[in-house]
There are 2 protein chains.
Amino acid sequence: MTEQPLTRSEENYLKAVYSLSGNTDKGVSTSDLATRLETKASSVTDMVQKLAEKNLLHYRKYQGAKLTPGGKAAAIQIVRKHRLWEVFLHEKLGFAWDEVHDIAEQLEHIKSEELILRLERFLGHPKYDPHGDPIPDPDGRIQARRSMPVSEMKPGMEGVITGVRDSSSSFLQYLDKQQLVLGTRISVVEVFDYDQSVQIETADNRITLSFDVSKNIKVQVENG
Amino acid sequence: MTEQPLTRSEENYLKAVYSLSGNTDKGVSTSDLATRLETKASSVTDMVQKLAEKNLLHYRKYQGAKLTPGGKAAAIQIVRKHRLWEVFLHEKLGFAWDEVHDIAEQLEHIKSEELILRLERFLGHPKYDPHGDPIPDPDGRIQARRSMPVSEMKPGMEGVITGVRDSSSSFLQYLDKQQLVLGTRISVVEVFDYDQSVQIETADNRITLSFDVSKNIKVQVENG
DNA sequence: AGATGATTTTAGACAAGTCTAAACCTGTTT
DNA sequence: AAACAGGTTTAGACTTGTCTAAAATCATCT
């Protein structure tokens, strides 16, 4: 029951289970974890059993893994560190939003509670990371934002881009090229039945987004 | 001959050999390395042989380890990262100078050339870390400072504290209590033959330093 | 229900880095 | 020169996290 220090690998597994769980209450499958962690299913089974021993997740053979409250808390702390470091890299060091992830992936494993508290203060207690994802507070509370993907908006609806569902370099660079950054105000002009693509309007442009792209842009819509 | 990525452990060994070599051209003994790295002599032998295979150091049985040019360059890069992170922790996050070492010990292993270049720029290209040690430039050049320990100063000599030889928490906290920080101007009033203790004068105080303490404070003396 | 195919687990192996215990050098003393 | 004490290396073992290959289980379709 006491707080044991986690290895880098254990932390990565907890984070993966957390992010693959989403809001659901279902177990995460071995193969999904293997894909996410770029490892083999057998390795996942081993590690998941080990983490179950430590009471960080529930595990029954063939049923997948589900975080315990303790495991979830640990995962959220790692997410918190990751996102704070991303803010640092972007705001202070000037990295582009598609460059911050890999380095934050390393920085999130640095062990020091005090470091993160001071970093958070230094950054001015940011609420969101450069991709628009919320930063958990020191106690692990997450303030979610009400937003919907562009693909679900109807013609005439307006809102502000608050985040992305895909943080891959190529997608983020595409958005940069289209001048679609966090905070951009957009309105939906038309949705084409044919291929579900969406025409939107910004202050400067009209742009047509493929269905795939429109699913990956999150917008906070004005409640009129 | 190509640049292979180093493990955390390998980096720590190179750094230890580098720092234990000082200016001498002698090999560093297995047991000195074991003490520094808080490990056993047999482990050191294993690793030192491995690093010799990789041409990062020269090693002959029973003769100790000596860095090759490539090993030295790698060691200096780690030192550079360590000291830049120390500046960040002290200047930007407000950690005391005795608190920065352990966290920098972790941060120094983050892999990203670009990160360090940007961090250096962000910090305003500092020349020295919070303990007064010089920060190597991106090419590994180190600008040493002419300084001497207080223990070698004669009565009447004056200078400015530029560094410490001992970065232990207890020593640094002692200096804080005596209000002896980097940049403090001091002059030597008297050296007591009896126990080699030194009486010094600052703008505000007269303080007597034990021989042990006086050996560990580095001063840049005015050449009159 | 039985067969098929995909997923998952087990078993055994490996590399890295460490350890203990035993064997081995080296330098100095007698 | 022999003996001793220290330091050093070797040999063998352990842990962590990974892998491959084989066995087990689950899901689905006929």
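Chain naming here is simple, since letters A, B, ... match the order of the sequence lines and numbering starts at 1 in each.
- For the salt bridge (Lys or Arg N to Asp or Glu O under 4.0 Å) test with D133(A), the passing option among K127(A), K218(A), R165(A), R80(A) is K218(A); the others fail.
- With dC25(C), dT18(D), dT8(C) as the choices, the nucleotide that has an atom nearest any side-chain atom of Y62(B) turns out to be dC25(C).
- The separation between K40(B) atom NZ and dA11(D) atom C1' is 17 Å, rounded to whole Å.
- When the side-chain nitrogen and oxygen atoms of S31(B) are compared with OP1 and OP2 of dT8(D), one or more of them lie within a distance under 4.0 Å.
- Side chain of S9(A), nearest nucleotide from dT18(D), dT8(D), dT9(D): dT18(D).
- Among the nucleotides dT18(C), dT8(D), dT9(C), the one closest to any side-chain atom of S29(B) is dT8(D).
- In this model, the phosphate group of dA16(C) is not approached by any side-chain N or O of T7(B) to a distance below 4.0 Å at OP1 or OP2.
- At a cut-off of 3.5 Å, with distance as the only test, no side-chain donor of H131(B) or H101(B) sits close to an acceptor on the other residue.
- When the nucleotides dT10(D), dT10(C), dT8(C) are ranked by their closest atom to the side chain of T30(A), dT8(C) comes out on top.
- Taking 4.0 angstrom as the limit, Y13(A) places a side-chain polar atom (N or O) nearer than this to OP1 or OP2 of dT18(D).
- Between the CZ atom of R8(B) and the P atom of dT18(C) there is a distance of 12 Å, given to the nearest Å.
- Taking the six-membered ring for Trp and thresholds of 30 and 60 degrees, W85(B) and F88(B) have ring planes more than 60 degrees apart, a perpendicular arrangement.
- Two residues, K61(A) and K61(B), neighbour DNA chain D, and the one matched to the more 5' nucleotide by heavy-atom proximity is K61(B).
- No side-chain N or O of D137(B) forms a donor-acceptor pair with one of H125(B) less than 3.5 Å apart.
- For the pair E38(A) CD and dC19(D) C1', the interatomic distance rounds to 16 Å; values are reported in whole Å.
- Neither OP1 nor OP2 of dT9(C) sits under 4.0 Å from any side-chain N or O of S42(A).
- Listed pair Q63(B) / dC25(C) fails the phosphate criterion, with no side-chain N or O lying under 4.0 Å from OP1 or OP2.
- Distance D32(A) CG to dT7(C) P: 10 Å, rounded to the nearest Å.
- With rounding to whole Å, D46(A) atom CG is found 17 Å from dC14(C) atom P.
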